Amino acid sequence: MYLHGIPGIATLENVKRYLESKTWKLLRENRAILFFDYRGTGFSEPTLCPELKDSLSQFSKINSSVEARQSKKISLYKECRTQLLSKGIDISSFNSIQFADDAEVIRKSLQIKSWNVYGVSFGTTVALNLLRNHGHSIDSMILDSPFPPNAPWLDFVRPFDTCFKVLEKNIAANPAVLAHFPTIRTDFSNAVKRLNKTPARIKDSDGSDDYDYYGDDFAWSIWTAMLNPKSIPFVHLAIHEVGNGNDSILSKWTTAFNDPNALGMFSEPQSNAVLCYESRPKTSSGTKEFLLLEYPDFTSFAIDFEGALCDAWQPQSASPEAFKPVKSKVPVLILSGEHDPVCPPLFGKLTSTTLSNSTFITVSAASHAAIHADDCLRQIADGFLTDPKLKPKTSCVSNRSQIDFITYNLIKALSEFKYMRE
């Protein structure tokens with residue numbers, strides 16, 4: 001069973017791409033893989049507010065005010081919530097616990113006695129709930145870039161700060177690279193502040209239109225670039241260039257890292273239903289106000305999960321029981337990439353503490369979805385699924401090459417780069 005990450009993604013639309021990857025070609029050789037769309041997205045029902053995106057888009061064409069667009073968005077969510085409730089559709093049923101229960105129903109419907117489970121990112125939250133509530137039918141589990149229910153952070157700010165510190169540490173370990181880029185944190189902050197104050201004008205990839213490109217857009221593009229080990233070698237160079245006022249690279253940069261269709265079919269209402277229900281801060285240190293104060297360099301990633309939109313769309317929060325650690329003796333393989341800006345190795349280590357039969361691997365020079373890092377990781381996963389009772393052989397991980405940071409010619413690097421998500 002494959003459980004995908006990022007609430008809102010339609011799994012089945014991406015299956016062709018998944019199956020063309022080296023990882024899934026290998027794992028399919030001796031076993032079947034089952035994919036499904038979580039409720040509320042893709043081909044699963046009910047569809048949540050399909051007209052909302054077009055309504056907001058039409059409104060934005062006649063009113064460019066950020067405040068007006070946000071107000072309209074909230075009103076559309078309120079209307080949709082009222083309509084769904086009138087049909088007996090409970091928005092709080094769109095959550096990781098319910099998705100796990102849905103997966104269990106699929107297992108029973110297909111008369112599968114037991115199975116192996118792979119989850120990545122948010123899919124690991126679903127997988128861990130499946131392990132907690134339906135562990136009797138699970139032979140083994142791979143948790144790739146885990147986000148456990150008891151994760152210490154529910155925000156995007158602190159994971160990115162952790163990831164950025166790893167980037168700084170690895171740059172500092174190479175004196176020649178450090179000499180060129182001694183202040184990438186300052187450069188990042190300067191780029192975001194400058195572009196938020198005076199956005200750059202960027203042309204669409206087809207040259208048909210141009211639009212304002214803000215500092216927050218650039219920040220999230222860096223976040224996206226950090227997800228892929230193939231782009232990490234030049235992330236610092238982009239930060240340095242834009243941080244020092246060189247916006248000429250932004251046209252090629254946005255083409256590589258700001259593709260609105262990168263995730264395929266996407267349901268924002270379903271995504272927000274999950275995030276508002278499960279990501280409201282549990283302590284004062286998780287509030288937007290605290291994060292803005294403590295992490296001034298990374299304010300772009302401070303999302304208000306207790307703000308007006310969540311209050312309008314999904315005012316309920318998951319119960320405290322939902323956030324307890326998962327305990328199990330089922331064999332589990334846990335993979336964390338050291339450069340992951342979403343689910344840092346800290347999360348993987350925490351996940352392993354209550355899974356008594358688990359193996360935890362921090363993968364150097366890797367990021368999100370570490371199973372795709374190289375043949376070493378693929379073979380470890382394949383061997384684990386073949387015989388979960390055997391302790392995985394992980395010696396090849398220590399032989400992985402480190403990130404080879406480049407120091408010049410970003411345009412050439414971007415021209416040779418093709419962003420792919422496995």
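All values reported here derive from a predicted model rather than from experimental measurement.
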*Under 4.5 Å between any side-chain heavy atoms of P281 and L154, yes or no?*
no

_Can you tell whether the side chains of D311 and R280 come within less than 4.0 Å, N to carboxylate O?_
yes

*May I ask you to check whether Y295 and F156 place their ring centres under 6.0 Å from each other?*
no

*Provide the full list of side-chain hydrogen bond (donor to acceptor under 3.5 Å, both in side chains) pairs with a residue in residues 158-167, sequence neighbours left out, each pair given once.*
D155-R158, D161-K165, D161-R185

*For the residue pair L237 and T407, establish whether any side-chain heavy-atom pair is separated by less than 4.5 Å.*
no

*Using a distance-only test with no angle check, is there a side-chain donor-acceptor pair under 3.5 angstrom linking T11 and H4?*
yes

*Check: P341 and F164 side chains under 4.5 Å, non-hydrogen atoms*: no

_Does either side chain, that of D101 or that of H134, offer a donor lying less than 3.5 Å from an acceptor on the other one?_
yes

_Using ring-ring contact (aromatic ring centres under 6.0 Å, His included), reason through F257 and F417 one step at a time and then give a plain yes or no._
CA-CA 11 Å; F257 297 107; F417 172 76; 5.3 Å; yes

*F298 and F301 aromatic ring geometry - parallel, tilted or perpendicular at 30°/60° bounds*: tilted

*Whether over 12 other heavy atoms sit under 6.0 Å from K282 NZ*: yes

*asked:* When you compare the side chain of Y277 with that of S93, does any pair of heavy atoms fall below 4.5 Å?
replied: no

*Going by atom types only, do T23 and S21 share a side-chain donor-acceptor pair under 3.5 Å?*
no

*Neighbour count >12 (heavy atoms, 6.0 Å) for atom CZ, R400*: yes

*Sole candidate of S231, C163, S221 that passes side-chain contact (heavy atoms from CB on, under 4.5 Å) when paired with M226*: C163

*Apply side-chain contact (heavy atoms from CB on, under 4.5 Å) to Q70 and list each qualifying residue two or more places apart in sequence or on a separate chain.*
K73, I74, L309

*For the residue pair P269 and W313, what are the closest heavy atoms and their distance?*
O-NE1, 3.0 Å

*Could you tell me the separation between the CG atom of L56 and the CG atom of L76, rounded to the nearest 0.5 Å?*
6.5 Å

*Find the distance between CG (N95) and SG (C276) and round it off to the nearest 0.5 Å.*
12.5 Å

*Close aromatic pair by centroid cut-off 6.0 Å: Y213 and W253*: no

*Any side-chain heavy atom of P149 within less than 4.5 Å of one from L128?*
yes

*asked:* Could you tell me if the side chain of F218 sits less than 4.5 Å from the side chain of D247, heavy atoms only?
replied: no

_Other residues, nucleotides and ligands only: do more than 12 of their heavy atoms fall within 6.0 Å of CD on E416?_
yes

*Find the distance between OH (Y2) and CG (L34) and round it off to the nearest 0.5 Å.*
12.5 Å

*Give the intermediate values and the outcome of ring-ring contact (aromatic ring centres under 6.0 Å, His included) for residues F181 and F405.*
CA-CA 11 Å; F181 309 100; F405 296 104; 8.8 Å; no

*Parallel, tilted or perpendicular: which describes the rings of F160 and F188, with under 30° parallel and over 60° perpendicular?*
tilted

*Which residues satisfy the salt bridge (Lys or Arg N to Asp or Glu O under 4.0 Å) test with D375, sequence neighbours excluded?*
R378

*Would one find more than 12 heavy atoms of other residues, nucleotides or ligands at under 6.0 Å from atom CZ of F43?*
no

*asked:* Within the 4.5 Å heavy-atom criterion, are S55 and E79 side-chain neighbours or not?
replied: no

*asked:* Taking the side chain as everything from C-beta on, heavy atoms only, tell me whether N246 gets closer than 4.5 Å to H240.
replied: no

